[in-house]
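Here the structure is laid out as structure tokens; the discussion comes afterwards.
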Amino acid sequence: MTDTMTGGPGVSAGAGDVLTAEGLRQILAECDPAPLLMSLVHLTGDTTLLDEFADRLEYSRPGTHYAAPVPGALPPGQYPEDVIADIRARAAELLADADPDAQPGLGVPAPELFARMARVATSQEVDEEFIPLLLEQAGFVTDERHVPVTVTPPTDFEVIVIGAGMTGINAAIKLGEAGFNYTVFEARDEIGGTWTRNTYPGAAVDTPSHYYSYSFELNPHWSRYYPTGEEYQQYLLDVVEKYGLREHIRLQTSVLEMSWSEEDQVWNVVTRDAAGVVEHHRAKAVVSALGMLNSANIPDVPGLDEFAGRVIHTAEWDTDLDLTGKRVIVLGTGCTSVQVVASIVDKVKALDVVVRTPHWIVPERTVVHDVPEGQRWALEHLPFYNEWFRLRSYWFASDNLYRLPRVDPEWAAEHFSASRENDMVLKNAQKYLHDSFGDRPDLIEKLTPDFRPYAKRIVKDPGFYAALKREHVALHRASFERVTPEGVYLTTGEFVPADVIILATGFKLEFTTRIDIVGRDGRKLADVWSGGEDPRAYKGVQVSGFPNLFVTSGPNSAPNHGAGHNITSEEQVHYIVECLQYLLENDHASMDVRQDALDEYNAKVDEALDETVWAHPGGQVNSYYRNSQGRPIVPCPWRLVDYWTMMREPDPADMVFVPANKSGEKA
């Protein structure tokens, strides 16, 4: 072994640095062994490494680790300590002797080899149906076009994208790559969607950073395993810069209304900019990338406007607000509230947390941890380490969790939890609660939900429980009854004096109903969806009577059992591009989903959702997942692999087309 190294096949020490043998060992000690082993296979091209280490691993079926654990059994995907030591030793040997000018011995694996590698990387069975999705979502390949591409989009085929958040940016990139002319209208003064709004203390993503990003833009530089809102916003800004999207984005420009012209087969779109200038645009297609949660949900509390101090919603945060030495009340205990409380507890004089309905809260080892330097080095410099790290991040946060919100009728008839798997989540959350507050039965009672896990969003603790133990912090199981200039009367009758009221009360569920959208026959989307109360869409994207309108993050398309919004964004944008290309290839002016196809699809959605805790929460649940009638309108009932597969290309049998040369006449 040499004393120093400067790199290897696809390997760099970074910025011309020279690594000593000891420095390399320190780096490898911070690397995850599974992606490290896979990287060694790529580095050397030696697939016998798979056989050597595979024989020393135990494999399980996805999801089975939520059954009753065997004493001494390893967590899913974790290697035994002796295997970890041997992988790191082998890596030290191979990397030290590597030729810095050589290319990796193995590039993107063929599907059969990739399946073998994925099995060893996860220590789980990986069925063939997952392989195309994993190759794409791990970043090995980009999304594959399915509709034949023989027609170049004409210059007058203009597409309008509404919103420049994660999905709008994704749509801009993919539309541009496919050759479509497009314009993105963004009402705010910067791109980023929710991450331009959520600037409150502690704002962070609650999905792993190495997965919650574009599959075609992996980022090895994340500083934390769960990124702060600021860091995630910077990632999006960097993507916009890389792809030169600025010239296509109109900031501070709101879409006021849009209407479909059957005669011209175009959408007439009206916008207004920051100066109040109103403009009219024509587009062959419109992509709504507004998301479903946009307007701050301000509770209607008597006297709130009369409060003498500061009232602020987390979605409308003032970064100049100084909470030092203030008496602060926080309303809410969802994901936002726990982040705020954990972040401000050391600054305030007194902190009162008011919760009407608590969430199930679970520990997450890495939620507040930085990515070690060795890990970051490997992500940037070792061949395909980043891709395999992302694959594991996705695998254990996606369809592995599909069974958790599903109801087993026999189990549920005799237990509070919904199933054996759901019960493991319940036991984990209960144990964490009791371990955290063993000497505070009052807090245990206040923080125990009366519904099954997953009926509302599971919250990962960034330090919330620890903050509640502080002497100057009080938790109230109540709500606001009325506000006076000096403070708040709670529904318990207690009065809490305050200088600042923080409303961590989330957003209104709106989908696209804020915009006046008029389709065929003068039908308004807001009316069709009962003002957003009962939205229905085909595959979560298309609505009958609204040709060439694509609603991303639409009803029943959110992956609430696992993974993140990023995969939904990519699935839906891929589908949209395929739909637009299909129009061109077949000389159609527009496509509109058939009403019977939409109804049939939603009947299947309802049937599948009826088997989940979203429909049967086991208690009184006030959640944005459900409408006022209790119908789940947000969650997607399918596995991620199922939804990904169905979004590969449009099904012409479910559509009504108007030929391009016969505008106004339905095919």
Side-chain angles (χ1 to χ4, degrees), residues 1 5 8-11 21-67 69-98 104-106 109 112-127 130 134 138 208 210-211 225 365-366 369 371-379 381-397 400:
M1 179 182 292
M5 66 167 287
V11 179
E22 177 59 27
L24 176 59
R25 281 192 290 270
Q26 291 177 2
I27 284 175
L28 295 176
E30 295 179 335
C31 292
D32 278 20
L36 181 59
L37 175 60
M38 297 303 107
S39 182
L40 295 180
V41 175
H42 285 280
L43 186 76
T44 62
D46 182 6
T47 59
T48 63
L49 288 168
L50 297 174
D51 299 325
E52 176 185 345
F53 287 97
D55 292 342
R56 301 168 64 184
L57 302 176
E58 293 186 8
Y59 297 88
S60 63
R61 295 297 306 176
T64 57
H65 54 277
Y66 287 101
V70 177
L74 293 171
Q78 184 171 317
Y79 289 179
E81 288 299 323
D82 62 322
V83 174
I84 294 173
D86 287 352
I87 290 173
R88 288 173 173 160
R90 185 68 60 84
E93 176 184 352
L94 292 173
L95 290 173
D97 294 333
L106 174 67
E112 183 177 353
L113 175 57
F114 179 80
R116 286 179 59 202
M117 297 177 74
R119 182 173 184 265
V120 176
T122 61
S123 297
Q124 290 195 333
E125 300 296 338
V126 180
D127 293 338
F130 291 97
L134 290 175
H210 296 89
Y211 175 65
Y225 284 110
R365 179 177 58 84
T366 59
H369 285 192
V371 181
E373 290 185 8
Q375 185 88 284
R376 293 170 69 177
W377 181 90
L379 287 162
H381 298 295
L382 292 184
F384 295 99
Y385 184 99
N386 200 352
E387 285 82 356
W388 286 106
F389 192 92
R390 179 182 171 96
L391 183 145
R392 283 172 51 85
S393 295
Y394 169 77
W395 183 256
F396 293 112
N400 261 270

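Atom CD1 of Ile87 is separated from atom CZ of Phe53 by 5.0 Å, given to the nearest 0.5 angstrom. Here CG of Leu37 is found 8.0 Å from CE of Met117. Values are rounded to the nearest 0.5 Å. Residue Glu125 holds its CD atom at 4.5 Å from CZ of Arg119, rounded to the nearest 0.5 Å. A distance of 6.0 Å separates CG in Leu95 from CG in Leu40, rounded to the nearest 0.5 Å. Put simply, CG on Leu57 and CD on Gln78 are 11.5 Å apart, with the number rounded to the nearest 0.5 Å. Atom NE2 of His210 is separated from atom CG of Leu391 by 14.0 Å, given to the nearest 0.5 angstrom.
Summarising the geometry of Thr122 relative to Phe396, their closest heavy-atom pair is O-CZ, 3.4 Å, with the distance given to 0.1 Å. Among all heavy-atom pairs drawn from Pro33 and Ile84, the shortest one is CG-CG1, 3.7 Å. For the residue pair Glu373 and Glu30, the shortest heavy atom distance occurs at N-OE1, 3.6 Å. Summarising the geometry of Pro383 relative to Pro104, their closest heavy-atom pair is CB-CG, 4.1 Å, with the distance given to 0.1 Å. Closest heavy-atom contact between Ala121 and Arg392: O-NH1, 2.6 Å.
Proximity of Arg56 to Asp82: side-chain heavy atoms (C-beta onward) are separated by under 4.5 Å at one or more points. Contact annotation: the side chain of Pro80 never approaches that of Glu58 to less than 4.5 Å [non-hydrogen atoms, C-beta and beyond]. Contact annotation: the side chain of Leu94 approaches that of Arg90 to within less than 4.5 Å [non-hydrogen atoms, C-beta and beyond].
Salt-bridge formation is not detected for the pair Arg390/Glu387: no Lys NZ or Arg NE/NH1/NH2 atom is positioned less than 4.0 Å from an Asp or Glu carboxylate oxygen.
Screening Tyr385, Trp377, Phe384 for a ring-ring contact (aromatic ring centres under 6.0 Å, His included) involving His381 leaves a single residue, Trp377. With Met38 as the partner, the side-chain contact (heavy atoms from CB on, under 4.5 Å) test is satisfied by one option alone out of Leu382, Val120, Leu106, Asp32: Val120.
A donor-acceptor pair under 3.5 Å is formed between the side chain of Ser393 and the backbone N or O of Phe389. A distance-only check finds a donor-acceptor pair linking the side chain of Arg88 to the backbone of Cys31 [under 3.5 Å]. In terms of modelled atom types and a separation under 3.5 Å, the side chain of Arg25 and the main chain of Ala92 share no donor-acceptor contact.
Residues forming a ring pair (Phe, Tyr, Trp, His ring centres under 6.0 Å) with Phe114 (at least two apart in sequence, or on another chain): Phe140, Trp388. Under the side chain to side chain contact (heavy atoms under 4.5 Å, CB included) criterion, Ala29 pairs with no residue, sequence neighbours left out.
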